[in-house]
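Inspection log for the structure reproduced underneath, given as structure tokens.
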There are 2 protein chains.
Amino acid sequence: MSRTFSAPHLVNPDTRSRVLSTAESLGYRPNRAARALITGRTHNIGLIVADIANPFFPPLIKAAESQARQRDYHLFVADTNEDPIMEEQLVQALAKQVDGVLLCSPRMSNDLIEKLRREVPLVVVNRAVDGLPAVVMDVANGAKAAIEHLVGLGHHDLALLGGPRGSWTNREIRRSAMAAAKLAGANLTVLGPHQPTEAAGAAACDAVRATGATAVLAYNDLMAIGLLEALHDRGVDVPGELSVVGIDDIMLSRLIRPKLTTVSTPTAAAGRAAVDMLLQHDDERRTNALVTLQTELIVRDSTGPNPH
Amino acid sequence: MSRTFSAPHLVNPDTRSRVLSTAESLGYRPNRAARALITGRTHNIGLIVADIANPFFPPLIKAAESQARQRDYHLFVADTNEDPIMEEQLVQALAKQVDGVLLCSPRMSNDLIEKLRREVPLVVVNRAVDGLPAVVMDVANGAKAAIEHLVGLGHHDLALLGGPRGSWTNREIRRSAMAAAKLAGANLTVLGPHQPTEAAGAAACDAVRATGATAVLAYNDLMAIGLLEALHDRGVDVPGELSVVGIDDIMLSRLIRPKLTTVSTPTAAAGRAAVDMLLQHDDERRTNALVTLQTELIVRDSTGPNPH
DNA sequence: ATGAAAGCGCTAACAG
DNA sequence: CTGTTAGCGCTTTCAT
């Protein structure tokens, strides 16, 4: 009898235990897909990220999965390869199989997000979208702290190694870094857009040096690390000749030499928060809920005083 | 009419296109859960790993997801936190929702795997189980090559930094390393079991030094890197005083200094192969199919001649 | 080549 | 409190 599983409280304890033991001996397990058909709740969540192998995402995925399963949900994970078109396809493909989708660091337009939210409940991570539940990191404040840190070290000529087109985070960083530089009376040259990868960071090395900057803020740690590698190959001393700051504080950043100064973003907390927002009942959910997670500048060894 | 989607070839092209355009205008998408109920095929795959945030797994997950979706399958990802009990629970929880489960680096017993395979088709990665489709890396050969490399550098006193209990890979490495050391007339001290983490590698530093070994092979790169960090903190020069070899060739390993000498394992290929094995029709599937992927020793900067 | 009907495993609603 | 019934969206079988 299905009530034993779906509404245990209004069934006779005797009957219940009898059913339970029979079920046990038969190895019976309720079929969630069949249940979903009638209840409309699948107890599945979709998680869409730009690149599973980008070290930024695994801690987020892990935290989301853990939080989801604690609430008896399973997690679909899908990878868009940084392709906005793939994002749309994936949301639609998963829509019928999940109770909601976590869209992490989307590259698609806000208009498209608006369209997709009508097909399936959406929570967006790393993007603020009007009227949509979202989890963002306060990267603006982080970028500001990074610029102030560099200016405090005597740097006047700064460069920003920009991230991918379509990234809300990238826009926030640029806006905030430009404002902070202006306020401090420093020059800031903006480079980009670039893919958020180590290879792109390395490839941008010469462009960075051509700006004449003595300090660089990168869109993320991966690009900063790529830049560091290329700088090392060219015999440029960090932080002696050039200071480098990243954003994210991925595991790598404290393991490389010099240890990377970076803005730490709470990725695991973001994963948990996103799951919580998706799963909290609609009546509690304010449609414009926006959770902003704090960031923190971690000063390590890749930044130093202006050599000039 | 459902035939339009499930058996397009035996429907009148006119009718078909008419149905299709109507469906399109209604935004209709077939419900896979309902389809699964009757066909018995969910078009979903479960992927169970010990730790999503362990850098070894993301490339495997990414490759598996990509391969699965190319074949119109979605991927559930779950994390066991290195807990064998969680492995069992997860397989059972996913069993009804998937057409098969990819069990990566399982820590559970072979007996339990035998039991679970009766509930859901299983493909095992990083473990050879009799009569079960499996994808393994030839770590035995990799460990042998590592030992020979170290002996070739003049090292006679070696240590093996062992991995987790229950790991087939760990047993393979130990067996092969011991055989290779014996053959070369070198001493090999085996340490462990340890968690396969950077922290555990660092924590084992003093134990490693106490063995008097001049060269160490670690269960994986993460442990080797932890060891390197601890060695650095203690002012021990690598490879001047101690040589270190890892296994896996995770992205980190070529980014740290000294760059880690390691045995590269084809993790992406393993993810793809596992999906392929699961999805190939049962009639083609030999029950004892075992795919063995080759490994390769990558000599970088963490190994050098015996100082004595 | 197409329409109609049965039924996958489950829950909801309704009787008892 | 418990047995029965209808039907979720789809595919399959059986008619036509």
Side-chain angles (χ1 to χ4, degrees), chain A residues 1-46 71-74 76 91-101 118-121 279 281-283, chain B residues 1-46 71-74 76 91-101 118-121 279 281-283:
Chain A
M1 176 60 41
S2 110
R3 255 176 299 239
T4 305
F5 294 94
S6 44
H9 52 281
L10 43 78
V11 81
N12 188 312
D14 283 5
T15 320
R16 182 173 138 77
S17 63
R18 197 159 41 86
V19 172
L20 241 35
S21 71
T22 314
E24 173 65 35
S25 72
L26 261 50
Y28 169 84
R29 316 202 135 252
N31 182 326
R32 301 178 89 148
R35 175 182 294 187
L37 207 51
I38 185 129
T39 61
R41 329 226 71 232
T42 61
H43 268 248
N44 292 149
I45 296 178
R71 305 182 170 229
D72 198 27
Y73 275 72
H74 292 313
F76 282 108
V91 172
Q92 291 182 330
L94 287 174
K96 286 296 200 317
Q97 259 179 113
V98 300
D99 296 339
V101 170
R118 290 196 291 268
E119 302 192 23
V120 59
L279 262 32
H281 296 304
D282 299 54
D283 43 54
Chain B
M1 175 60 44
S2 108
R3 256 177 297 239
T4 304
F5 295 94
S6 44
H9 52 282
L10 42 78
V11 80
N12 188 312
D14 283 3
T15 321
R16 183 172 138 76
S17 64
R18 197 159 42 87
V19 171
L20 241 35
S21 72
T22 315
E24 173 64 35
S25 72
L26 260 52
Y28 169 84
R29 316 203 134 252
N31 181 326
R32 302 179 89 149
R35 175 182 293 186
L37 206 52
I38 186 128
T39 61
R41 328 226 72 231
T42 61
H43 268 246
N44 292 148
I45 296 179
R71 305 182 168 229
D72 199 26
Y73 275 72
H74 292 313
F76 282 111
V91 172
Q92 291 181 330
L94 288 174
K96 286 295 202 318
Q97 261 181 110
V98 300
D99 296 339
V101 170
R118 289 196 292 268
E119 302 192 24
V120 58
L279 261 33
H281 296 303
D282 299 54
D283 43 52

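In what follows, every chain begins at residue 1, and chains take the letters A, B, ... in the order their sequences are listed.
- The shortest non-hydrogen separation linking B:His43 to B:Asp72 is ND1-O, 2.8 Å.
- C:dA6 and D:dT5 have their P atoms separated by 16 Å, with the value rounded to a whole Å.
- Rounded to an integer number of Å, the gap from B:Gln97 CD to C:dC10 P is 12 Å.
- The distance from the CG atom of B:Asn31 to the CG atom of A:Leu37 is 6.0 Å, given to the nearest 0.5 Å.
- In this structure a side-chain-to-backbone donor-acceptor pair under 3.5 Å is present from B:Thr42 to B:Asp99.
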Exercise. Dot-bracket notation for DNA chain D is requested: 5' to 3', Watson-Crick or G-U wobble pairs only, both distances under 3.5 Å, with ( ), [ ], | and . as defined.
Key: ||||.|||||||||||
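- Here the side chains of B:Leu279 and B:Ile45 are in contact, with some heavy-atom distance below 4.5 Å.
- Nearest heavy-atom pair across A:Val98 and A:Val101 is CG2-CG2, 3.8 Å.
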Exercise. Apply side chain to side chain contact (heavy atoms under 4.5 Å, CB included) to A:Leu94 and A:Val120, showing your working.
Key: CA-CA 9 Å; A:Leu94 287 174; A:Val120 59; over 6 Å; no
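- Closest-nucleotide positions on DNA chain C for B:Lys96 and B:Arg18 were compared, and the one nearer the 5' end corresponds to B:Arg18.
- Below 30°, between 30° and 60°, or above 60°: for B:Phe76 and A:His74 the angle between ring planes is above 60°, a perpendicular geometry.
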Write out a two-atom table: protein N or O, nucleotide N or O from nucleotides 5-9 of chain C, distance below 3.5 Å.
| from | atom 1 | to | atom 2 | distance (Å) |
| --- | --- | --- | --- | --- |
| C:dG9 | N2 | A:Ala34 | O | 3.3 |

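- The distance from atom CZ of B:Arg32 to atom C1' of D:dT11 is 15 Å, rounded to the nearest whole Å.
- In this structure, CZ in B:Arg32 is found 9.0 Å from OH in B:Tyr73, a value given to the nearest 0.5 Å.
- Distances shown here put every side-chain N or O of A:Thr39 at or beyond 4.0 Å from the OP1 or OP2 atom of C:dT11.
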